[in-house]
Amino acid sequence: MRKPFIAGNWKMNTDSQSSTALASGLAENLKSVTTVDVAVCPPFVYLQSVAKALGDSGIAIGAQDVYFEGNGAFTGEISCEMLKDVCCTYVLCGHSERRHVIGECDELINTKLKAALAAGIKPILCVGELLEEREAEKTDEVVTDQTKKCLAGVSAEEMANVTIAYEPVWAIGTGKTATAGQAQEVHAMIRKLLAEIYDATVAENTRIQYGGSAKPGNTAELMANPDVDGLLVGGAGLKVDDFSAMINTVA
Ligand code: 13P
């Protein structure tokens with residue numbers, strides 16, 4: 001049985017006050033939730049204050065990115081050791097904004113993901129196709145290629161600590177959610193791929209989140225799919241009431 005996993009990706013939003021207020025509000029609302037794993041991924045600079053505000057609520061904290069090298073002369077980057085030092089359990093790897101805005105490639109994402117695993121941080125690997133790729137019926141090809149390249153060299157044992165997030169790029173921040181059927185189709189394809197790369201156990205146990213305009217109104221429908229194990233939430237994750245409502249729907 002895969003435990004549902006809902007994470008909020010705050011992206012480059014909030015400030016010192018609003019990040020703490022958001023975390024405190026979620027901690028208050030969600031402290032009794034035990035049937036869903038919940039995490040929030042604030043900007044690096046607020047990780048510590050958010051972790052403090054989350055207290056013992058059971059809400060985990062994740063970073064939005066990491067650099068693969070150890071500490072040293074890498075100006076502007078953040079290491080796995082630093083993330084562990086501020087209590088990060090998770091790290092997003094290969095979010096579409098890092099792929100398509102910042103220019104990260106699968107090979108770099110793979111290196112980051114493996115560094116996180118080696119350090120004991122759980123990666124959430126994001127994959128997903130652009131609108132033109134979907135329209136050209138290349139969704140399966142693109143998602144397969146990203147998944148294979150980003151998981152290269154990751155063992156079946158290590159997969160126990162990996163979450164995959166399917167985020168169709170055309171659905172991110174656009175209000176255009178993939179239909180439950182579109183999400184299920186790609187999630188089932190990814191699970192089948194995991195069985196091919198690894199084995200049936202890895203395929204069965206790996207959690208696959210959906211991301212892209214997920215909100216309170218579509219949570220139940222998305223989560224009703226057999227292969228949708230959670231959500232990676234952007235905009236709706238910035239509102240205490242919306243994010244809490246989504247988790248309560250699943251719980
Ligand atoms: P939205 O929920 O704002 O579409 O963002 C999704 C996302 O990119 C989460 O990582």
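Everything numeric in this text was worked out from a predicted model, so none of it was measured. All residue numbers in this chain count up from 1 along the given sequence. Start at 1 and go down the list; that is how both ligands and their atoms are numbered.
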Among all protein heavy atoms in this structure, tell me which lies nearest to atom 9 (C) of ligand 1, with the distance rounded to 0.1 Å.
Glu167 OE2, 2.9 Å
Nearest protein heavy atom to atom 3 (O) of ligand 1, by residue and atom, and its distance?
Gly235 N, 2.8 Å
Contact check, side chains of Ile190 and Val127, non-hydrogen atoms, under 4.5 Å:
yes
Side-chain contact, heavy-atom cut-off 4.5 Å: Ser96 with Ile172?
yes
If you measure from each heavy atom of Gly173 to ligand 1, is any distance below 4.0 Å?
yes
Counting neighbours of [atom1] on [X] that are heavy atoms of other residues, nucleotides or ligands and sit closer than 6.0 Å, is the number greater than 12?
{"X": "Glu185", "atom1": "CD", "result": "no"}
{"X": "Glu196", "atom1": "CD", "result": "yes"}
{"X": "Lys148", "atom1": "NZ", "result": "no"}

Can you name the atoms of ligand 1, numbered from 1 with element, that are less than 4.0 Å from a heavy atom of [X]?
{"X": "Gly212", "answer": "4 (O), 6 (C)"}
{"X": "Asn9", "answer": "9 (C), 10 (O)"}
{"X": "Ser213", "answer": "1 (P), 2 (O), 4 (O)"}

Could you tell me whether [X] and ligand 1 have an N or O pair separated by under 3.5 Å?
{"X": "Gly234", "result": "yes"}
{"X": "Gly211", "result": "no"}
{"X": "Ile172", "result": "no"}

Within reach of ligand 1, part of [X] (heavy-atom separation under 4.0 Å):
{"X": "Lys11", "result": "side chain"}
{"X": "Leu232", "result": "both"}
{"X": "Ala171", "result": "backbone"}

Whether the Glu157 and Tyr198 side chains hold a donor-acceptor pair (N or O, under 3.5 Å, no angle test) is what I'd like checked.
no
Can you see whether Ser18 engages Asp15 through a side-chain donor-acceptor pair at a distance of less than 3.5 angstrom?
yes
The residue among Gln209, Glu129, His187 that forms side-chain hydrogen bond (donor to acceptor under 3.5 Å, both in side chains) with Tyr166 is Glu129
